[in-house]
Amino acid sequence: MSARRSAQIGSMMKLEVKGIRKSFGDKEVLHGVGFYVESGKALGLLGRNGAGKTTTIRILMDVFHANSGEILLDGKKFVPAKHRIGYLPEERGLYPKRTVIDQMIYLACLRGMNPREAKESAKRWLARLEVSEYETRKLETLSKGNQQKVQLAATLVSDPEIVILDEPFSGLDPVNSQILKDVVSELIADGRIVIFSSHQMSYVEEFCDEIAIINQGEVVLAGRLRDIKREYGKNRLMLAAENLSVEELARKVEQEWQDLVSLSGRKKEFLILELKEGADRRGVLAALAASDVEVERFGSYEPSLNDIFVVKVGEDE
Amino acid sequence: MKRFMIVLKYELKEYFTNKVFMGITVVLAVLGAAALFLPRFVDMSDFTGVQVTGGGSGEETDGESGDGEESLYLYVDQAGILQEEALGGMFPGALWQEAEDVDALRAAVEAQEAEAGFVVTGATQYEYYVYNKAMTDRNTAVFDQAMKLFYRMEQSRQKGWDLAEIDAMYDVPITVTEQILNKDSGSNYWYCYMLVIIVFMLIVYYGQMIAVSVTNEKSNRAIEVLVTSTSPNSLLFGKVIAGAMGGVFQMGVVLGAVLLAYQANREQWGGMLDMFLHVPGEVLLAFTFFGLGGYLFYAFLYGAMGALVSKTEDISKSVSGLMVVVMGVYFFSLFQLMNIDGPVIKVLSFLPISSYSTMFARVAMGSVAAWEIVVSFLILAASIAGAGVLGAKLYRMGTLRYGNPIKIGTALKDMRKND
């Protein structure tokens, strides 16, 4: 990586998407989408199929033009062509009949690298994604998983300052997913802006500091993931007993402690309880101590991103 | 410009490392050249009119076929005017025999023992018998001449005239020295004819190839990565110009091999292909500018049409309108070569869709002022740039529009909306 590039990546950047609206024909599909992300952080763009994630990303990449709204980088209009961006589109595709190394060098050169840098970078990324052995092979001769890894290497070959990955984990087996997870973590640690959309909440939870949930063309929830989880877990407790099944425990809660807690949900291993107004967790603890329940697990409940997503998108339906 | 060069280089590599492309180039060049070496090894004197030197003896063979076989021709002379010797001179390689009667002649022809048969029923009439009449059968035409000769001889004999004297009077040799002050349309006609066909082939064959290469980027879904990596102008210009260069290279190699082979064998051909292959410099220059300019103009339009579909099997639908224009211009140009200074061809020589053939034809065969050439070329150059920019916009607009082919009208409308 050149010194100039290192300095660029090292400096803080803020990418803001503000009030994006987009119509196809008479139908408005994005109704003022907005979020932001900073260097060294990852934003998870979540949403159901057809929610507007890919359209938002394509507007960000200037593939589509927004009807209104703006995209700013450090307060100035964001022009993708002026920056090195690693973009992995939802519709994957490279040249099936060309060799892996040839097309990677080609893409790196198109994004501003000189041929020598491009070749070095291509080799480095192929090695990092463990597909070096295929560099002189035609893409079409590789397995689907390896083609996916080559596509990721091609996304990152230009040493991008902004990385946008649309469903990067689709088509990867657990081993390859782990490699990609490590790569994404390195990109974040390296101070790059990372935006990625995914249906797989566990990955988003793993990397993303910020999330934006898009539903039916609008952002229904956005912010720091930790804060969101705290907010959604507020006044909620988890409870499991050694001597009672979840069902028996649920009945007991409803019959004996209805003035303290209400049943908010049940998982396979534990119950989710919500404190009633005026009650606190000491009171619940005291009630538990006075009962015949042998407590296995008791504590604050932190919802998973999946729970939050289901609740939030479900509310909006 | 830098990105354009990157795309151009990458696309050119695609052509020059493609084994099929290079293989076809070599095979066509070798076949073309080999065909022109044929008179050295095969007796083509019937076609070329040049007698082949046989077996290294240095002696020329006679006018008969190399293996000495003669075709049998039968006749029945009911008018008593035929002279076998004269017939032999007029039908080289023919063996003349008198048949017993008409039935015998007919039976021999029917059994294909004789090539043909003639029954002379009067001084000025005869019947011709042949089993299968070939398209190139000229027997009756030659026999007509023979009959006329025999008639004249008979009349001269009866009236006591000297036929040789009369012949000398009628067929007095005239010597002409041509002083062509401008152009010889007659001899330039064939160069133009050939060059119009070459440009037409370049446009149709390589245009289609360019359209396929653009469509492939949509069908393999690489287009989204590409348009987010560089400008559509660089992509389309690089792709189309590389395709055009590939076409010119292939055609150049094949034509070069043919021209060189012809130069080496010109004597054996008796110069008979000069009218096609001996192109004057000024015509070649006009061809370079207008022919290749027109090719590039259409190449961009083919590239744009390729961007309107996402499956290669849909390309024929997308380019059909363009094909009609190309074909129309092609046939019209060929027909108008006969009327090279007419008003229609003058107008066509300024239109970018047709100047590629009509202007260089005018340069070769007609009267054209220097300003007309310059203006026409400027219009063509501007149109090439316009077609390139329009093609790039259509290419950009067609990004991510998979599925059914996009109609050109819809594409232009959507382009204005700037979606």
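Each chain gets a letter, A, B and so on, in the order its sequence line appears, and its residues count up from 1.
Residue B:Arg3 holds its CZ atom at 9.5 Å from SG of A:Cys109, rounded to the nearest 0.5 Å. Atom CD of B:Glu224 sits about 9.5 Å away from atom CG of A:Leu88, to the nearest 0.5 Å. Here A:Arg98 contributes atom CZ and B:Thr17 contributes atom OG1; the two are 5.5 Å apart, rounded to the nearest 0.5 Å. The CD atom of A:Gln151 lies 12.5 Å from the CZ atom of B:Arg221; values are rounded to the nearest 0.5 Å. Atoms CG and OG1, on A:Leu60 and B:Thr228 in that order, are 11.0 Å from each other to the nearest 0.5 Å. Between the OG1 atom in B:Thr230 and the OH atom in A:Tyr106 there is a gap of 8.0 Å [rounded to 0.5 Å].
Between A:Leu107 and B:Leu226, the closest side-chain pair of non-hydrogen atoms falls below 4.5 Å. Between A:Met61 and B:Val227, every side-chain heavy-atom pair lies at or beyond the 4.5 Å cut-off.
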request  = Go through the steps for A:Gln103 and B:Tyr10 under the test side-chain hydrogen bond (donor to acceptor under 3.5 Å, both in side chains), then give the verdict.
outcome  = CA-CA 9 Å; A:Gln103 48 195 315; B:Tyr10 186 73; 4.7 Å; no
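A salt bridge is absent between A:Lys97 and B:Glu14; no separation between the charged side-chain nitrogens and carboxylate oxygens falls under 4.0 Å.
Within the 4.5 angstrom heavy-atom criterion, only backbone atoms of A:Arg92 (N, CA, C, O) approach chain B.
In terms of heavy-atom pairs under 4.5 angstrom with chain B, the leader among A:Leu110, A:Asp62, A:Ile105 is A:Leu110.
The local environment of NZ in A:Lys119 is sparse, with at most 12 non-hydrogen atoms from other residues, nucleotides or ligands closer than 6.0 Å. Residue B:Phe289 qualifies as open at atom CZ: its count of foreign heavy atoms under 6.0 Å is 12 or below.
In terms of heavy atoms, B:Val225 sits closest to A:Arg111 at CG1-NH2, 3.5 Å. For the pair B:Arg396 and A:Phe64, the tightest heavy-atom approach, listed with the atom from each and the gap, is NH2-N, 4.3 Å.
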